Amino acid sequence: MTDIYGYAAAAPLYRAAGWMQVIPLPEGRKTPPPSGFTGRSRKPVTDEQVRFWSQSDPTANTGIVIPEGVLVLDIDAEQGHQVKADGAKGISELSQELGMLPATWSSTAHGIDSPARHLFYKVPEGLAWKGGAIEGVDILQPGHRYSVVWPSIHPSGEMYCWYTPSGAFSGTLPHIGDLATLPWKWVDYLRKPDRVSNSTTLTPSYSREYDDRMCKAVNTFLNKTLANPASKGSRHDTTLQAVWALVNFAQEGHRGGALDAINQLKPRFIAEVAPDRQGKEREAAREWASILSGAMEKANGVQSHVDPCEQSKIERMTPGEFNELTQNTIANQMRESHPQAVQNTGTMPVQAGSTPVAPVQNGSMESHEASKNASSSWQFEDLTQLASGIELPPTPTVFQREDGQGLFYRGAVNDLHGEPGCGKSMIAQIATAQELKADRDVIYIDYEDSARNVVKRLLLLGVSGEQIIGHLHYVRPSAKPSSPTSLGGWRETLDYADTATLAIIDGVTSCLAYAGLDSNSGDDIAAWYNTMPRLISACGPAVVLIDHVVKSKDNRGRYAGGSMQKLALIDGISYSVDMTKPVGKGVRGTIVIKSGKDRISEIEEHCAVSWSGNGSHLREAARIEINSTDPKLMHVTIARPNMMPSEDRQAKRDDFRPTGLMERISRMLEDSLEEPNQSELFKALKEDGSGARTAVMSKAVSLLLQEGFVSNRSGRNNRSIFKSVRPYRQIDDPKSDAYVDRMSREEASESDDENHLEI
């Protein structure tokens, strides 16, 4: 099974094991499934349909639609989820009431030690099941969802694997008959009661008219929640998030009903979950009380003085106390720390030993002057410093390549955007590791992940615990900076920004949502840029935004998802991120970043000499090689870009030359004491960390044979065995990307003698 890759090879094996509804999924992704083959009215998957899918996309990911008689518990780990609890912990607590779950077959892409996985059980047919078992544990069942399984590749680059009931890695597939049977106590707890089919007559529709006592935001949110009370997978999860949101509304100053809205949810929640609880209404009421008390514990009772619904969108982002805090804080810091700089030139000082930078767009002082004097938003600037060349634009000094070229501008807003799972956060954490290892301060504002995962990644990148504790300032907000509960933290963020060299904002879309702003509105985006990223960059660090791209590849262009205003407001550099080779445990991957817009033009001249194809106007800036074969240390090389002109790289698939693999095979044969056969050679490549598919390895060997670098002859059991005739090197191959480069042959030779920059 180790050589099997893709849907075409895996589907027959699953069907032979009894998993008949095997569907293809996009390579490296979980969605979307093929239309019409999932859900309650799904069509059956026939042999003919499998052959069609296998021929049209043989390397697709593989999913199995859950058949009758099988139920899957989807256990979520706490990390990676902002709201859901630790599913493994919840299941453990539930087991104290219902008894231990029997060991069974499981599937996960997160490794043998991860609690996040799918547990497969046999159950009676014909029963209706709840949407979730407990907070953090969803139920995959016939007619609802599917499971992504081996040999699929997770968006992170890791492969899904099967594990036996003992927890060991399995090289074989489970038959449906091999699954453990779910105990009856668990069946009773997870099933819907028989009278659930009549629930529509027992439960009113809860349609409601606009309540004048409540503001617009609360009315809209309450209607949406009541219309779909299980939108988050279960009523418990949906109600939990709704109560938290309404408590947050109340604290932000939405008057006239946020707490009344919570009270309207109570009878609806109790009426709908009571039939599924052993203690009926009494147990449902206790569950409601737990949800409410948990949300209220997070509230400090402080409310805003102004109802946000009565303000414009920009005013919502910048109420009076927010303007006064952010603008005066920076001005006061500058007057206290650097009075001469503010009085004489207005130039923003930066950390000792670094190059002084002007903190805003094109080297001008718009944002700093605005923050220094809020009452003078319209005034003509003194251009003496700029015209004399004394005040220069920022130079890129953060996130350095192996040749010393920096890739982020200090005192400016930069961005990384790409598809989910392309490595944006990984790049941000590599840049963070560089700064921390140099004992420089970093701010990490995280809306997407958790401190546990970020710190774990930094330790793997070689950052010491002392450096993390002393220089990393990590925050995971759940409200906008201007909310009453966030003002103290926002002040502290600006204090840290005065000495930090890098500030990461991971999750632009989530940040905008917490601020009540629309990521598709140019006005909202402009308001947010001027009241968060630019206020931080005005203090000196390189601000790096992590954002998503638009869904349509045809309409993607050079900017992140939402309004094109995002690209217009970048005053540093904007990068498109693409994972060209999967990154994950035990493999060597590659992430490429390409410049879409360099406002200051200090980096783009060090990028590839030509644009990428498809009219995207992107120029490669760096290739980040990530070696994760050592479980204790991640080795990273931030390499110079591939300088080959794009039109030469857009070769047809038939002309594809795996030159890197060709050189690796050539070196192996040169060093080999014996003449290996093809199986032995391919096995050695995989043991050496190669993630190449068998077809690609065969292509590399074939080209080496055709061009006289390798010879073969008949060996044991009439198998061809190979030996080296003469060395193959990419640098000598005119058809190789490495051959066409700005570096001269002499420079390349010198660079081979230098140590790569490894983090």
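Hydrogens, waters and symmetry mates are skipped; everything else that's a heavy atom, side chains included, is used. Nothing here was measured: the structure is a model prediction, and the numbers come from that model.
- Remark: side-chain polar atoms of Arg401 are paired, donor with acceptor, to backbone N or O of Ala621 under 3.5 angstrom.
- Distance alone, capped at 3.5 Å, places no donor-acceptor pair between the Lys699 side chain and the Pro658 backbone.
- Taking CG of Leu25 as the reference point, atom NZ of Lys30 lies at 11.0 Å (rounded to 0.5 Å).
- Between Asn712 atom CG and Lys723 atom NZ the span is 11.0 Å, to the nearest 0.5 Å.
- Not one N or O on the side chain of Ser666 forms a donor-acceptor pair closer than 3.5 Å with the backbone of Met662.
- Side-chain contact of Thr46 with Gln49: a donor-acceptor pair under 3.5 Å is absent, judged by distance alone.
- The distance from atom CE of Met579 to atom NZ of Lys424, rounded to the nearest 0.5 Å, is 9.0 Å.
- Ion pairing of Arg729 with Glu670 is present here, as a side-chain N (NZ or NE/NH1/NH2) and a carboxylate O approach within less than 4.0 Å.
- In terms of modelled atom types and a separation under 3.5 Å, the side chain of Ser56 and the main chain of Phe52 share a donor-acceptor contact.
- For the pair Asp733 and Glu663, the minimum side-chain heavy-atom distance is 4.5 Å or more.
- Under the 3.5 Å distance criterion, the side-chain polar atoms of Asp178 are matched with a main-chain donor or acceptor of His175.
- The aromatic rings of Phe399 and Phe408 sit parallel, their planes meeting at an angle under 30°, below the 60° perpendicular limit.
- Considering only residues two or more places apart in sequence or on other chains, Trp53 meets the ring-ring contact (aromatic ring centres under 6.0 Å, His included) condition with Phe37.
- Tyr575 places a side-chain N or O within 3.5 Å of a backbone atom of Leu407 that can act as its donor or acceptor partner.
- No donor-acceptor pair under 3.5 Å is formed between the side chain of Ser147 and the backbone N or O of Val149.
- For the atom pair CD1 of Ile430 and CD1 of Ile624, the computed distance is 6.5 Å after rounding to the nearest 0.5 Å.
- The side chain to side chain donor-acceptor pair (under 3.5 Å) contacts involving residues 580-591 comprise Thr590-Glu625, where partners must be two or more places apart or lie in separate chains.
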message: Set out, in order, the CA-CA distance, both residues' side-chain angles and the distance that settles side-chain contact (heavy atoms from CB on, under 4.5 Å) for Val45 and Val22, then state yes or no.
response: CA-CA 7 Å; Val45 175; Val22 192; 5.6 Å; no

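- Listed for the Asp506 side chain is no donor-acceptor partner under 3.5 Å among the backbone atoms of Glu448.
- For the atom pair CE (Met634) and OG1 (Thr629), the distance works out to 10.5 Å, reported to the nearest 0.5 Å.
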field: side-chain contact (heavy atoms from CB on, under 4.5 Å) between Leu101 and Leu73, worked out
entry: CA-CA 11 Å; Leu101 281 168; Leu73 297 180; 3.9 Å; yes

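- Shown are Leu461, Ile638, Val398; of these, the side-chain contact (heavy atoms from CB on, under 4.5 Å) with Gln434 is made only by Ile638.
- Ion pairing between a basic and an acidic side chain is recognised when a charged N comes within 4.0 Å of a carboxylate O; Glu419 and Arg29 show no such pairing.
- A donor-acceptor contact closer than 3.5 angstrom is absent between the side chains of Gln21 and Tyr146.
- Under a 4.0 Å N-O distance rule, the pair Arg657/Glu707 qualifies as a salt bridge.
- The CZ atom of Arg664 lies 11.0 Å from the CZ atom of Arg667; values are rounded to the nearest 0.5 Å.
- Proximity of a side-chain donor or acceptor of Thr108 to a complementary backbone N or O of Arg117 within less than 3.5 Å is not detected.
- The closest donor-acceptor contact from the side chain of Trp19 to the backbone of Pro174 lies under 3.5 Å.
- For an aromatic pair to be called close, the ring centres must be under 6.0 Å apart, and Trp150 with Phe169 fails this.
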